[in-house]
Amino acid sequence: MTSSFSNLSLAEPLARAVAEMGYESMTPIQEQAIPVVLTGQDVMGAAQTGTGKTAAFSLPLLQRLLKHESSSTSPARHPVRALVLLPTRELADQVAQQIALYAKYTKLRSTVVFGGMDMKPQTIELKKGVEVLVATPGRLLDHIEAKNAVLNQVEYVVLDEADRMLDIGFLPDLQRILSYLPKQRTTLLFSATFSPEIKRLASSYLQNPITIEVARPNETASTVEQRFYSANDDDKRRAIHQVLKSRGIKQAFIFVNSKLGCARLARSLEREGLKTTALHGDKSQDERLKALEAFKSGEVDLLVCTDVAARGLDIKDVPAVFNFDVPFNAEDYVHRIGRTGRAGASGLAVTLVSGSDARLVADIEKLIKKKIDLEAIEYEEDQPRGRINDGRRAWREAGETGDGRDALPAAPAAPRRERDQRVGREGREQHRGFRPAVASRDPFFEKPYEASAAADATPAWEAAKSAPRSSVSANIKPKRKVAALFKAAQPETSVQ
DNA sequence: AAAAAAC
């Protein structure tokens with residue numbers, strides 16, 4: 001049994017880098033995936049968050065690049081032989097840095113390209129030639145079209161966070177990129193979450209794949225303590241203060257569903273005396289990288305973020321994750337809470353649940369196959385509460401560039417009376433009685449806090465779980481889209 | 001109900 005990196009017979013330069021980084025024993029996904037990737041077969045790999053998937057594919061990939069000379073007859077001295085695709089810029093940056101460390105003592109070159117940064121330095125690096133290219137889809141297509149990147153010699157393609165890469169928002173770009181790659185190649189897919197639909201879609205991009213599942217897909221890390229607290233919207237910041245204080249937590253990710261909500265919440269928490277920064281897609285790339293760096297260095301304690309930060313980011317010893325908003329997709333819940341409890345450390349995940357979130361929490365419970373109990377928080381009197389201010393003023397105060405128009409909610413679609421009536425009825429039936437006791441709409445600090453919300457929350461909670469799914473449920477739409485795409489999905493066309 | 005990814 002090879003459970004130690006030293007038993008792997010990695011090429012000397014790789015073994016040296018690994019030893020220098022202090023890696024000794026392998027995690028289960030590494031133990032299982034590395035030998036298979038070394039054979040050059042296609043892989044679909046699922047393992048919990050924070051268990052070392054990046055090393056699980058990049059080490060054997062580099063080993064193969066070292067062992068097998070390029071079969072290229074092209075004059076390019078360093079054709080791109082391996083392509084690694086990721087869904088966010090920060091993640092691409094992180095994975096590229098990790099690969100560069102592993103490849104440090106080899107002659108293999110690697111670089112990363114992603115949007116929001118000047119094309120020129122990236123172009124210079126690409127023209128020098130790299131064997132390993134890490135990228136986000138949009139910017140890679142730009143470089144392909146500008147003929148800065150030639151991908152007709154690619155032997156390996158990795159889709160990290162594969163289920164996201166195959167999702168409706170990314171699939172068109174992904175298909176275009178794949179159409180530039182040779183058909184004869186190895187394809188590796190990794191993620192902590194795979195839905196049955198995505199698995200089927202994924203299999204159309206794989207040839208005789210080996211499936212590696214360390215534990216069940218969608219399983220949350222056992223090192224994360226998951227808590228669900230009942231809190232109406234005006235009590236949510238108060239809940240954060242209370243949990244931070246009572247558990248003695250210094251640092252945390254706080255996830256919010258919208259960019260505007262993210263900017264507002266960050267501003268409010270900052271005002272309430274917490275060292276906070278915001279990370280979302282309407283910030284400049286410079287601001288995004290700075291926010292992440294400030295959190296990593298401990299300069300700020302709270303990173304208020306959208307799902308741009310939900311996946312893959314590996315920051316050591318983050319003690320807690322808050323879901324200020326319950327995520328729309330249950331898979332995102334698994335990824336969000338995976339920012340804590342990494343590499344065997346312990347972590348706390350707190351989800352703040354308001355009256356209208358019942359369906360979403362029921363979806364999470366079903367996905368992670370763990371019973372969820374909704375609890376009440378015992379507040380100390382001095383925690384701030386109340387509605388946070390809104391509009392463009394908040395946007396400006398949050399230090400955002402622009403006027404915030406981009407982040408304002410889109411105008412609602414034209415109402416359809418029949419649908420609206422049905423939705424209204426179903427919504428009322430579904431959530432009847434679930435509404436917390438304190439339906440506080442009080443302006444900031446006006447009314448004293450009243451009784452706890454959870455007392456009457458549980459019965460309706462149970463009811464909501466077994467209630468029929470509403471036709472407006474967020475999960476229906478993506479699934480339908482995926483199914484349609486699956487029907488339409490065609491494996492990539494051959495090289496021009 | 002949203003976010004992400006290109007200029």
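Each chain gets a letter, A, B and so on, in the order its sequence line appears, and its residues count up from 1. Note that the coordinates shown come from a computational prediction; the quantities given were computed from them, not determined experimentally.
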- If you check every side-chain atom of Arg89(A), which of dA4(B), dA2(B), dA6(B) has the closest atom? dA6(B)
- Query: Which whole-number value in Å describes the distance from Asp282(A) CG to dA5(B) P?
  - Reply: 10 Å
- Message: OP1 or OP2 of dA2(B) versus the side-chain N and O atoms of Thr306(A): is any pair under 4.0 Å?
- Response: no
- For atom CG of Leu159(A) and atom P of dA5(B), their distance in whole Å: 17 Å
- Could you state the atom-to-atom distance from CZ of Arg336(A) to P of dA3(B) in whole Å? 11 Å
- Query: Base, sugar-phosphate alone, or nothing: which one does Gly281(A) contact when heavy atoms must sit under 4.0 Å apart?
  - Reply: sugar-phosphate
- Item | Phe114(A) side chain, from C-beta outward: closest of dA6(B), dA3(B), dA1(B) | dA6(B)
- Closest to the side chain of Asp142(A), out of dA3(B), dA6(B), dA2(B), is dA6(B)
- Item | Distance-only side-chain donor-acceptor flag, Glu145(A) / Tyr180(A), under 3.5 Å | no
- Measure from the side-chain heavy atoms of Lys259(A) and tell me the nearest of dA5(B), dA4(B), dA1(B). dA4(B)
- Query: Nearest of dA1(B), dA5(B), dA2(B) to any side-chain atom of Asp332(A)?
  - Reply: dA2(B)
- Whole angstrom is fine here: how far is it from CZ in Phe170(A) over to P in dA4(B)? 10 Å
- Query: Does the side chain of Gln98(A) come under 3.5 Å of the side chain of Ser58(A) through a donor N or O and an acceptor N or O?
  - Reply: no
- Can you tell me how far P of dA5(B) sits from CG of Leu91(A), to the nearest Å? 11 Å
- Query: In whole Å, what is the span from the NE2 atom of His143(A) to the C1' atom of dA6(B)?
  - Reply: 10 Å
- Message: Looking only at the side chain of Arg288(A) (C-beta and beyond, no hydrogens), which of the listed nucleotides dA3(B), dA5(B), dA6(B) gets closest?
- Response: dA5(B)
- Message: What is the distance, to the nearest angstrom, from the CG atom on Leu85(A) to the C1' atom on dA4(B)?
- Response: 14 Å
- Query: Residues two or more places apart in sequence or in another chain: which of them pass salt bridge (charged side-chain N to carboxylate O under 4.0 Å, His left out) with Glu293(A)?
  - Reply: none
- Message: Could you check, using the six-membered ring where one of them is a Trp, whether Phe57(A) and Tyr156(A) have ring centers closer than 6.0 angstrom?
- Response: no
Mind listing the side-chain donor-acceptor pairs of residues 110-121 of chain A below 3.5 Å, one per line with the distance, residues two or more places apart or on another chain?
from      : atom 1 : to        : atom 2 : distance (Å)
Asp118(A) : OD1    : Lys120(A) : N      : 3.2

- What integer distance in Å separates Tyr333(A):OH from dA1(B):C1'? 20 Å
- Task: Tell whether Asp167(A) reaches the base of dA4(B) with its side chain through a donor-acceptor pair below 3.5 angstrom.
- Result: no
